[in-house]
Amino acid sequence: MIALIQRVTEASVRVDQDTVGAIGPGLLALVAVEPGDGEKQARRMRERLLGYRVFADDEGRMNRSLHDTGGGLLLVSQFTLAADTAKGSRPSFTSAASPAHARQWFDRLVELAREAHPGVEIGRFGAHMVVSLVNDGPVTFWLQAR
């Protein structure tokens, strides 16, 4: 499982002009499920999303996690993160999970995150989404759970 996380002051997702998810300060996580991902990867990704220290402490150092700050978490499925871009000028998606497998484990990640943290919002799986964000820093990290 892959997540591209961005520390944000705000972020939202719209589908057909309707806002389906929005947060204030926190993390926007674009999430891709890979073939073979399952419970182990979903649980590990939850730990990483909630525990990764990207927020400033009193001395301005990235020493606080989403769990520490209580900020929002906006989870958005994005299979393109799993693309193989090693050759050519067009991505291959053979390294991404099938839609059914991806939905199962993305939904499980959402469930696990909501059990452990308030303020979890989501996009709409499989929809054409418009994601808006104000990146704070900018701070962006690539996380993997294997």
Side-chain angles (χ1 to χ4, degrees), residues 1-86 91 93 95-146:
M1 192 172 284
I2 301 166
L4 181 73
I5 62 169
Q6 297 179 74
R7 187 178 71 189
V8 298
T9 57
E10 61 185 63
S12 64
V13 179
R14 288 183 295 129
V15 175
D16 297 328
Q17 304 303 318
D18 294 325
T19 300
V20 297
I23 61 169
L27 289 179
L28 166 64
L30 305 173
V31 179
V33 177
E34 298 175 288
D37 283 348
E39 186 71 19
K40 176 183 172 187
Q41 290 77 20
R43 286 184 178 277
R44 178 66 178 133
M45 185 57 74
R46 176 192 59 183
E47 291 172 14
R48 299 207 74 203
L49 291 171
L50 298 180
Y52 211 68
R53 297 183 300 169
V54 299
F55 297 96
D57 62 15
D58 293 336
E59 295 162 9
R61 296 177 54 213
M62 280 193 228
N63 217 10
R64 298 180 74 210
S65 67
L66 194 61
H67 180 74
D68 297 328
T69 66
L73 175 61
L74 179 55
L75 296 169
V76 177
S77 66
Q78 188 175 354
F79 78 97
T80 61
L81 286 176
D84 180 356
T85 60
F93 297 106
S95 53
S98 70
H101 183 80
R103 181 172 207 138
Q104 175 186 3
W105 293 107
F106 178 79
D107 287 350
R108 180 63 176 144
L109 173 62
V110 171
E111 180 182 4
L112 290 167
R114 284 181 168 161
E115 288 173 1
H117 190 77
V120 176
E121 296 279 327
I122 60 173
R124 184 171 298 154
F125 189 93
H128 178 91
M129 295 176 273
V130 176
V131 179
S132 300
L133 68 130
V134 178
N135 192 315
D136 181 19
V139 172
T140 303
F141 292 97
W142 174 277
L143 302 178
Q144 284 191 287
R146 295 189 177 205

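As the structure is a computational prediction, the values presented were derived from the model and not from experiment.
In this structure, CE on Met1 lies 9.0 Å from CD on Glu34, to the nearest 0.5 angstrom. Taking CZ of Arg64 as the start and CG of Asp58 as the end, the distance is 7.0 Å to the nearest 0.5 Å.
Within the 4.5 Å cutoff, the side chain of Phe55 has no heavy atoms near those of the Asp68 side chain. Under the 4.5 Å side-chain criterion, counting only non-hydrogen atoms from C-beta, Arg103 is not in contact with Ser77. Taking the side chain as every heavy atom from C-beta outward, Trp105 and Gln41 never approach each other to under 4.5 Å. Proximity of Leu49 to Leu75: side-chain heavy atoms (C-beta onward) are separated by under 4.5 Å at one or more points. With contacts defined as side-chain heavy-atom distances shorter than 4.5 Å, the pair Arg7/Met62 qualifies. Arg43 has its side chain within reach of Arg108: a pair of non-hydrogen atoms, C-beta onward, lies under 4.5 Å apart. By the 4.5 Å heavy-atom criterion applied to side chains, Ile23 and Leu73 are not counted as neighbours. Side-chain contact between Gln6 and Leu74 is absent, with no heavy atoms from C-beta onward closer than 4.5 Å.
Under the 3.5 Å distance criterion, the side-chain polar atoms of His67 are left unmatched by any main-chain donor or acceptor of Glu47.
Sequence neighbours left out, not one pair with a member in residues 115-129 passes side-chain hydrogen bond (donor to acceptor under 3.5 Å, both in side chains). Note on residues 2-33: no pairs pass ring-ring contact (aromatic ring centres under 6.0 Å, His included), not counting sequence neighbours. Identified under the ring-ring contact (aromatic ring centres under 6.0 Å, His included) test for residues 3-51, with sequence neighbours left out: none.
Between Phe141 and Tyr52, the two ring planes are perpendicular [angle over 60°; tilted spans 30° to 60°].
The existence of a salt bridge linking Glu111 and Arg114 is excluded, since no basic side-chain nitrogen approaches an acidic carboxylate oxygen closer than 4.0 Å.
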